[in-house]
Amino acid sequence: AGQASRDPAYLLLESGRALASAGEWELAVVALAQAVQARPAYAEAWAYLGMARRQAAMRQAPSQGMDIPEDLGRTELRKAYALDPASIPAAIFLANYWQQVGDISQARSILQQAAGRAPLNPLLQVELGNILAAAGELESALHAYQQAVALAPQDAAYYRLLAEFSLQQNYYVTDIALPAARQAVLLDGQGAASQDVMAQVLIQMGDLAGAERFLAQALGSNTDYPPALLHLGIISLLRGDTQAAYRTFNQVIALDPGSVSAAQARQYLKSGPTTAP
């Protein structure tokens, strides 16, 4: 560890990852480009560089009204995987790339190989579940998400991901999403993400008052949490209060313009007052 901490390429990778975590994608690209320059065979740095380049473009695209070039980041991601096929970031980021450009078969193959090499890694099971769901294989996808939970039974994040899969696919919401969300809340206490997932389940089940209570708790612990605000806007829309809904959707966009929540808020604004889940 001491030797790694003195390695310039490693320090640049860690700097790039920290910037990425903070949403500073353009600065992350600069740090990661320097990391691969310092060590050209550094697979993990190439993987993060390819991912960061795509994320930086995705962050800019909505405000500039442009499409992301399909091949952006592909060279770096393929190089990372070629350098070290056993690297989990290299496998996940390359698979995510193929999914984004519509090649589910490539993504699935990469993740199945990665999961075979690291069968005890819950994140790989989640990524595999995501790909299987995209392919319409919901029973296999469910098994992968449940395997992730079994591998990390004290981690609320995997229960949230299981619940979100069930919600997104409208797949046994009462039997799968509801108990998974409850367990996430039990493990996570007042964590905004778990409270928000529980609210999503209740919205889908038609319990708007219950959902509102969980969203109030989520926003109590994180007043500017975009997903909770988005779902609060959806509740207003379902109740017919389009003015309140649109105010909330615009608030979500202002808070984090490049986020998934902001993209969904824009879609609701574009679709008009009749659209609700």
Side-chain angles (χ1 to χ4, degrees), residues 96 99 104 108 111 115 121-222 225-239 245 248-249 252 259-265 267-268 271 275-277:
N96 286 344
Q99 183 181 11
I104 300 298
R108 179 177 180 166
L111 287 172
N121 187 300
L123 184 56
L124 285 172
Q125 292 299 323
V126 165
E127 295 291 339
L128 184 56
N130 181 34
I131 294 297
L132 290 166
E137 298 181 30
L138 298 186
E139 190 63 34
S140 297
L142 172 61
H143 176 75
Y145 280 100
Q146 289 174 328
Q147 180 67 13
V149 165
L151 288 168
Q154 298 303 311
D155 191 333
Y158 292 105
Y159 290 96
R160 289 197 299 268
L161 289 163
L162 172 58
E164 287 168 353
F165 154 74
S166 172
L167 287 167
Q168 287 162 7
Q169 302 297 331
N170 197 19
Y171 192 65
Y172 297 111
V173 171
T174 304
D175 295 333
I176 296 169
L178 182 58
R182 280 176 174 157
Q183 187 62 26
V185 169
L186 284 172
L187 289 168
D188 200 22
Q190 295 300 309
S194 296
Q195 300 285 337
D196 177 64
V197 167
M198 189 70 202
Q200 289 181 65
V201 174
L202 294 174
I203 290 171
Q204 197 142 328
M205 293 174 66
D207 182 359
L208 301 187
E212 221 165 21
R213 286 194 296 273
F214 278 97
L215 290 174
Q217 292 179 62
L219 292 167
S221 61
N222 186 345
Y225 187 56
L229 288 167
L230 174 74
H231 299 124
L232 205 56
I234 289 171
I235 289 175
S236 295
L237 203 59
L238 288 165
R239 287 179 169 156
T248 308
F249 293 149
V252 171
S259 66
V260 172
S261 294
Q264 291 173 336
Q267 193 60 45
Y268 280 114
S271 301
T275 300

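Between the CG atom of Leu232 and the CZ atom of Phe214 there is a distance of 14.5 Å, given to the nearest 0.5 Å. With values rounded to the nearest 0.5 angstrom, Leu138 atom CG is found 9.5 Å from Tyr172 atom OH. In this structure, CG in Leu167 is found 5.0 Å from CD in Gln204, a value given to the nearest 0.5 Å. Atom CG of Leu187 sits about 8.0 Å away from atom OG of Ser194, to the nearest 0.5 Å. The line from CG of Leu151 to OH of Tyr158 is 9.0 Å long, rounded to the nearest 0.5 Å.
Within the 4.5 Å cutoff, the side chain of Glu127 has heavy atoms near those of the Asn96 side chain. Between Leu142 and Leu162, the closest side-chain pair of non-hydrogen atoms falls below 4.5 Å. Using a 4.5 Å heavy-atom threshold, the side chains of Pro179 and Tyr159 count as separate.
Shortest non-hydrogen contact noted between Ala135 and Ile104 is CB-CG2, 4.0 Å. In terms of heavy atoms, Leu128 sits closest to Ala115 at CD2-CB, 4.4 Å. Closest of all the heavy-atom pairs between Leu202 and Gly210 is CD1-C, 3.5 Å. Contact detail for Pro122 and Ala152: the closest heavy-atom pair is CG-CB, 4.2 Å. In terms of heavy atoms, Ala141 sits closest to Ala133 at CB-N, 3.6 Å. Contact detail for Ala262 and Ser259: the closest heavy-atom pair is N-OG, 3.1 Å.
The salt bridge (Lys or Arg N to Asp or Glu O under 4.0 Å) pairs that include a residue from residues 138-151 number zero, where partners must be two or more places apart or lie in different chains. Counting only residues at least two apart or on different chains, the ring pair (Phe, Tyr, Trp, His ring centres under 6.0 Å) pairs with a member in residues 131-157 are Tyr145-Phe165. Note on residues 227-239: pairs passing side chain to side chain donor-acceptor pair (under 3.5 Å), not counting sequence neighbours, are Asp196-His231, Glu212-Arg239.
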- Task: Could you go through the side-chain contact (heavy atoms from CB on, under 4.5 Å) check for Leu124 and Leu111 one step at a time?
- Result: CA-CA 7 Å; Leu124 285 172; Leu111 287 172; 4.3 Å; yes

- Give the C-alpha distance, both sets of side-chain angles, the deciding distance and a yes or no for side-chain contact (heavy atoms from CB on, under 4.5 Å) between Asp188 and Arg160. CA-CA 10 Å; Asp188 200 22; Arg160 289 197 299 268; 3.4 Å; yes

- Task: Give the intermediate values and the outcome of side-chain contact (heavy atoms from CB on, under 4.5 Å) for residues Ile235 and Ile203.
- Result: CA-CA 8 Å; Ile235 289 175; Ile203 290 171; 3.9 Å; yes

- Message: Please determine whether side-chain contact (heavy atoms from CB on, under 4.5 Å) holds for the pair Val173 and Leu178, giving the CA-CA distance in whole Å, both sets of side-chain angles, and the decisive distance to 0.1 Å.
- Response: CA-CA 6 Å; Val173 171; Leu178 182 58; 5.8 Å; no

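Every side chain to side chain contact (heavy atoms under 4.5 Å, CB included) that Leu186 has, sequence neighbours left out, goes to Gln183. By the salt bridge (Lys or Arg N to Asp or Glu O under 4.0 Å) test, Arg182 pairs with no residue at all, sequence neighbours left out. For Gln190, the side chain to side chain contact (heavy atoms under 4.5 Å, CB included) test picks out Gln195, Gln217, with sequence neighbours left out.
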